[in-house]
Amino acid sequence: MTANIYSSVQINTPSKIFICVNTPTKNYGVGKGRAADLKYIESAARMIATVSTKSKIVVEKSTVPVKAAESIANILKANVKPGVKYQVLSNPEFLAEGTAVKDLLQPDRVLIGGDQTPEGHEAIQALCWVYGHWVSKDRIITMNTWSSELSKLAANAFLAQRISSINAMSAICESTGADVTEVAHAVGMDTRIGNKFLKASVGKCPVVVIDTRMNSKLKKISVMVVFQDLVAAVSQKDVLNLVYLCECLNLPEVAEYWQQVININDYQRRRFANKIIECLFNTVTNKNIAIFGFAFKKDTGDTRESAAIYICKYLMDEGAKLHIYDPKVEEKQLITELTHPAISDDPSRVKELVTIHKDPYKAAENTHALVVCTEWDEFINYDYEKIYGSMLKPAFLFDGRIILDHQKLMGLGFNVITIGKRLQRPNVHRPYAPAPAQ
């Protein structure tokens, strides 16, 4: 949904306008691969300036680099009409894919940043009043604009850093015989650290709750939401944005530090793919491999920056034939991701190597290996004895999310490989037919 569908009447009715458009990482020009592309932000700001005939509070909701609010304000002021005034606020969203409505209704905190002027404070309080209808005052934090913008990037960067730390530890565990799950549990018991996001793995309409259906107290709230995407898997994008910001501020050591957080994530995916190839006797050319899960996490159809994309890329580069199953990801979206120029330079080859399945058991038939890339709950409860019976032998299972019962699977006969620990496969005793009588 694009911002330019709204008429001047719709723009002029509310006193507050939320800009919630997409801010993808640039794939061209200066800052390619790191900087945020703000063309949709600029387009929304210009549209508001063009049609507004009354003063507005413009709320920057999208994930943006520091000082993006200043750019919005400059566009609005340069195109201002007589009698019209603007206040630009930063109100970053912290919604997670799959729990966005819950996160909005029960947020950890709400950040509101604005100019430290009387007019700016008045605008901040006006937005606080909106949130105050369902968020307690102690969870609404006000600050200056730049602090608000940087806080969103910092929060996602710290989260990505935590995930990269446990992923880096998983490589050490595999080399030493330690179990990353046990290490994570021990570390998480430290109250200074806590136990959240310490799980190693292979690889993150208008806002309908702000309307009269949510609460009768909100009937007089006048809010306009200009949006394109509700929520995204943004942690990596935000870290890249932070790296670019540090480079622009001439802080190369800081930029290098945050770049390593991204590098560890990339290393983990590459390492896992290499492990698959190595275990399959150092070649996967023309071998059938089942991929369970393509979304970046369970309970969503969002595939942006999904680890599965890169695992599939590395395996396709080696000539593997992939049989992919995901409960929610549509076939069109899956093919779009795998034929993206950054993933494959030959779309026709992708169609030759990839088969999409609606049934996980069909996806696993006659395959050499099964790879779990998303932690869908349903994967835990599958009939793996049936799956094992339909696969070629030796049958390999690569658990990239550490969600399955590895001992049970090895008892069935699987060669199980996972993240962060070495598994010893017990001898499997199978009955043999007696020799024919002489």
Side-chain angles (χ1 to χ4, degrees), residues 19-42 45 60-75 88-96 108-109 111-116 141 143-169 171 193 196-198 203-204 229 231-270 296 304-305 307 310 342:
I19 298 179
C20 310
V21 298
N22 194 17
T23 53
T25 302
K26 287 183 69 175
N27 56 12
Y28 58 88
V30 177
K32 177 181 178 181
R34 293 167 298 167
D37 190 339
L38 300 182
K39 61 184 178 184
Y40 301 119
I41 291 278
E42 180 180 347
E60 162 200 275
K61 194 72 175 169
S62 302
T63 301
V64 293
V66 177
K67 294 201 172 184
E70 186 175 55
S71 301
I72 295 172
N74 288 337
I75 292 172
V88 179
L89 302 180
S90 169
N91 177 218
E93 56 88 357
F94 293 95
L95 310 181
D108 291 334
R109 76 289 200 200
L111 303 186
I112 302 175
D115 291 342
Q116 300 302 292
I141 306 171
M143 57 189 68
N144 72 49
T145 309
W146 323 134
S147 294
S148 177
E149 290 178 330
L150 184 58
S151 293
K152 173 58 187 289
L153 296 183
N156 277 344
F158 275 55
L159 173 59
Q161 176 195 50
R162 190 175 177 91
I163 295 170
S164 289
S165 294
I166 196 63
N167 280 340
M169 196 59 61
I193 299 171
K196 292 185 177 180
F197 296 98
L198 283 180
K204 302 187 26 241
D229 284 4
V231 68
V234 295
S235 290
Q236 178 161 312
K237 182 187 76 171
D238 287 351
V239 180
L240 289 169
N241 199 335
L242 188 59
V243 170
Y244 185 67
L245 173 64
C246 294
E247 291 175 345
C248 292
L249 295 174
N250 194 28
L251 300 171
E253 292 83 4
V254 181
E256 184 179 356
Y257 173 82
W258 289 112
Q259 181 62 49
Q260 282 302 313
V261 172
I262 296 296
N263 293 348
I264 285 292
N265 189 44
D266 294 340
Y267 163 76
Q268 186 79 338
R269 296 185 298 216
R270 176 79 259 189
F296 85 94
R304 285 169 287 186
E305 290 302 324
Y310 298 92

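What you see is a predicted model, and the numbers here were worked out from it, not measured in a lab.
Summarising the geometry of Ala255 relative to Glu247, their closest heavy-atom pair is CB-CG, 3.7 Å, with the distance given to 0.1 Å. In terms of heavy atoms, Ala69 sits closest to Glu149 at N-OE2, 2.9 Å. In this structure, Tyr40 and Asn22 approach most closely via the heavy-atom pair CD1-O, 3.2 Å. Here the closest heavy-atom approach between residue Ser164 and residue Ile264 is recorded as O-CG2, 3.3 Å. Shown here for Tyr267 and Ala171, the closest heavy-atom pair between the two residues is OH-CB, 4.0 Å. Nearest heavy-atom pair across Ala36 and Thr23 is CB-O, 4.3 Å.
Annotation: side chain to side chain donor-acceptor pair (under 3.5 Å) contacts of Lys61 (sequence neighbours excluded): Asn91, Tyr131. Partners of Arg162 by side chain to side chain donor-acceptor pair (under 3.5 Å), not counting sequence neighbours: none found. Every residue meeting the salt bridge (charged side-chain N to carboxylate O under 4.0 Å, His left out) condition with Glu42, not counting sequence neighbours, appears here in chain and number order: Arg46.
In this structure, the separation between CZ on Arg34 and OG1 on Thr25 is 11.0 Å, given to the nearest 0.5 Å. Separation of atoms CD (Gln236) and CG (Asp238) is listed at 10.5 Å; rounding is to 0.5 Å. Between the CG atom of Asp115 and the OG atom of Ser90 there is a distance of 11.0 Å, given to the nearest 0.5 Å. Summarising the geometry, atom CD belonging to Gln259 is positioned 6.5 Å from atom CD1 belonging to Ile262; distances are rounded to the nearest 0.5 Å. To the nearest 0.5 Å, atoms OH (Tyr310) and CG (Asp266) are separated by 7.5 Å. Here the CH2 atom belonging to Trp258 is positioned 10.5 Å from the CG atom belonging to Leu153, to the nearest 0.5 angstrom.
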(Q) Working note: Leu150 + Leu242, criterion side chain to side chain contact (heavy atoms under 4.5 Å, CB included); need CA distance, chi angles, decisive distance, verdict. (A) CA-CA 9 Å; Leu150 184 58; Leu242 188 59; 4.2 Å; yes
Q: Carefully, step by step, assess Ile72 and Ile41 under the rule side chain to side chain contact (heavy atoms under 4.5 Å, CB included).
A: CA-CA 8 Å; Ile72 295 172; Ile41 291 278; 3.7 Å; yes
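In this structure, the side chains of Leu111 and Met143 come closer than 4.5 Å at one or more pairs of heavy atoms.
Other residues, nucleotides and ligands contribute more than 12 heavy atoms inside 6.0 Å of the CZ atom of Phe94. More than 12 heavy-atom neighbours from other residues, nucleotides or ligands sit within 6.0 angstrom of CD on Gln116.
Residues Tyr28 and Asp37 bring a donor and an acceptor atom of their side chains to less than 3.5 Å of each other.
Remark: side-chain polar atoms of Asn241 are not paired, donor with acceptor, to backbone N or O of Lys237 under 3.5 angstrom.
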